[in-house]
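Whatever order the structure lists ligands and atoms in, that order sets their numbers, starting from 1. Not measured: the values here are computed from a predicted model.
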Amino acid sequence: MQQEHIAAEKLATMNFDVSDEQKIVLSVVDEACKKIRPIEDKCYLEHRFNDMVLPIFKEAHLLGLPISRDYGDGQGADSLTYALALERVGREGTGVRTFFSGHTSLGQLTLQKWGNEEQKERYLPKTTRGEMIMAFGLTEPTAGSDPASLKTSFEEKGSDFYLNGSKAWISNGSIADLIIVFAYPKGKSEGMSAFLIERNSEGFSAEAIKNKLGLPTSDTGLLYFTNCKVPRENCLGPVGKGLSIAYSALMSGRLSVAAGCVGVAQDCLDEAVKYSKERIQHKKKIGKHQLVQREIAKISVELEAARLLTYRAAIAKTESDNDPKNAELRNKADWMIAQAKYYAANASFDAADRAVQVFGANGFSFENRPARHLVDTRVCRIYEGTDQILEQKMAVKLLGSEYEAYS
Ligand SMILES: Cc1cc2nc3c(=O)[nH]c(=O)nc-3n(C[C@H](O)[C@H](O)[C@H](O)COP(=O)(O)OP(=O)(O)OC[C@H]3O[C@@H](n4cnc5c(N)ncnc54)[C@H](O)[C@@H]3O)c2cc1C
């Protein structure tokens with residue numbers, strides 16, 4: 001599959017016009033984002049969790065945007081509409097957007113795709129209404145880029161499963177009511193399975209991770225399972241299909257990261273342009289200094305490139321979702337999403353760095369959003385596939401699987 005081939009094939013049909021329906025969704029998202037901004041500002045400076053994200057987005061009926069209307073407050077948005085919404089949310093900060101990635105992209109969408117009807121009926125309405133928050137627990141203290149090496153185990157006893165192990169760096173981890181958790185059968189390193197774990201399950205506990213580089217307003221948790229009892233009906237998807245479930249979840253998760261990063265880059269551009277028109281040095285607005293203009297020009301180009309890759313990936317994801325058995329469409333979407341996430345994560349970090357530069361010393365203060373974006377968006381080059389893992393994934397797609405750097 002050649003990149004040129006994909007580009008040529010899509011050129012005639014790519015249409016990023018925002019439809020009337022999308023405009024309505026975006027105006028609701030915009031309203032909610034305007035409400036969250038002053039609260040997020042305050043929480044960030046006080047270095048504390050923003051507990052208003054949930055009620056504000058709940059009131060706006062945005063906690064199940066891409067989930068089917070069959071379930072509670074699901075709005076049935078396609079991937080592009082959802083990406084546009086997350087782009088807007090991303091402007092408020094990576095912490096706010098990460099909440100959605102954990103709850104909706106990794107949590108709800110995975111449950112919707114792999115759950116049986118009884119599980120979906122039991123949990124999706126509550127999660128779309130914000131009565132239950134979701135998280136996705138794959139990473140462990142000793143298993144990150146290589147999730148196949150995870151150690152959490154499950155054992156079948158009677159009609160229940162018992163899980164033992166731990167998970168690290170889980171978005172929404174210490175606030176979630178329902179977590180998708182991956183484990184191997186006890187004593188084995190194959191046959192990974194996925195489970196839906198409720199917060200009040202016997203043998204489960206969680207705590208928030210402190211001293212993070214960024215994301216002070218968003219929860220990242222450590223999870224512990226000590227003979228954690230999980231009823232049989234909470235096994236998600238076919239037993240032994242855990243890795244496939246995890247990788248499919250990462251497609252939605254990566255797209256959400258890419259969209260959020262586009263929003264971050266947009267906010268950095270807006271802030272840099274505004275500040276350049278206000279700040280005066282050498283008797284001129286700094287926007288009149290050509291070297292400052294260069295920073296603005298570079299942010300804008302990176303932003304638009306990231307945006308196009310992300311929208312293209314979102315459209316590919318919708319095509320794949322509409323024809324789930326088509327492996328070619330899935331592979332195409334997977335590759336485009338990897339490109340978009342990789343590019344947008346780096347573009348947003350670069351945009352934040354340039355915006356900080358335009359702000360000078362004021363850019364070095366968390367009072368201003370460029371500084372927050374700089375530390376917060378850094379994680380986007382780490383979670384849901386590090387830069388290195390995605391570079392290898394993209395290269396191997398072109399070189400052929402015999403060039404896999406690892407198995
Ligand atoms: C704030 C935050 C939120 C997160 N949220 C979630 C979540 O909700 N759910 C979840 O399951 N996880 C989550 N994660 C975990 C995240 O997905 C992992 O951190 C990520 O997959 C990388 O794993 P690691 O940190 O263990 O790094 P490692 O895998 O130990 O990698 C360390 C370094 O080695 C490089 N490396 C590793 N293997 C290779 C290779 N084969 N070739 C080249 N380089 C390699 C990496 O690129 C990296 O630079 C979160 C992490 C953070 C920081």
### Summary
Distance col, row Asp78:CG vs Thr318:OG1, nearest 0.5 angstrom, shows 4.5 Å

### Message
To the nearest 0.5 Å, what is the distance between SG on Cys261 and CD on Glu302?
### Response
12.5 Å

May I have the list of side-chain donor-acceptor pairs in residues 168-180 shorter than 3.5 Å, sequence neighbours left out?
from: Asn172; atom 1: ND2; to: Phe99; atom 2: O; distance (Å): 3.2
from: Asn172; atom 1: ND2; to: Met134; atom 2: O; distance (Å): 3.2
from: Ser174; atom 1: OG; to: Asp219; atom 2: OD1; distance (Å): 2.6
from: Ser174; atom 1: OG; to: Asp219; atom 2: OD2; distance (Å): 3.3
from: Asp177; atom 1: OD2; to: Ile133; atom 2: N; distance (Å): 2.7

### Query
Which residue pairs pass the side chain to side chain donor-acceptor pair (under 3.5 Å) test when at least one of the two sits in residues 344-369, sequence neighbours left out?
Asp267-Arg369, Glu271-Arg369, Tyr275-Asn362, Glu295-Arg354, Asn346-Arg381, Asn346-Asp387, Ser348-Thr377, Asp350-Arg354

### Query
At a 4.0 angstrom heavy-atom cut-off, what protein residues surround ligand 1?
Phe136, Leu138, Thr139, Gly144, Ser145, Trp169, Ile170, Ser171, Leu215, Thr220, Val379, Ile382, Tyr383, Glu384, Thr386, Gln388, Ile389, Gln392, Tyr406

### Donor-acceptor side-chain pairing of Tyr383 and Thr98 below 3.5 angstrom
yes

For a quick test of your reading: what N or O donor-acceptor pairs under 3.5 Å do the side chains of residues 220-231 make, sequence neighbours left out?
from: Thr220; atom 1: OG1; to: Lys212; atom 2: NZ; distance (Å): 2.9
from: Tyr224; atom 1: OH; to: Glu207; atom 2: OE2; distance (Å): 2.7
from: Asn227; atom 1: OD1; to: Asn164; atom 2: ND2; distance (Å): 3.0

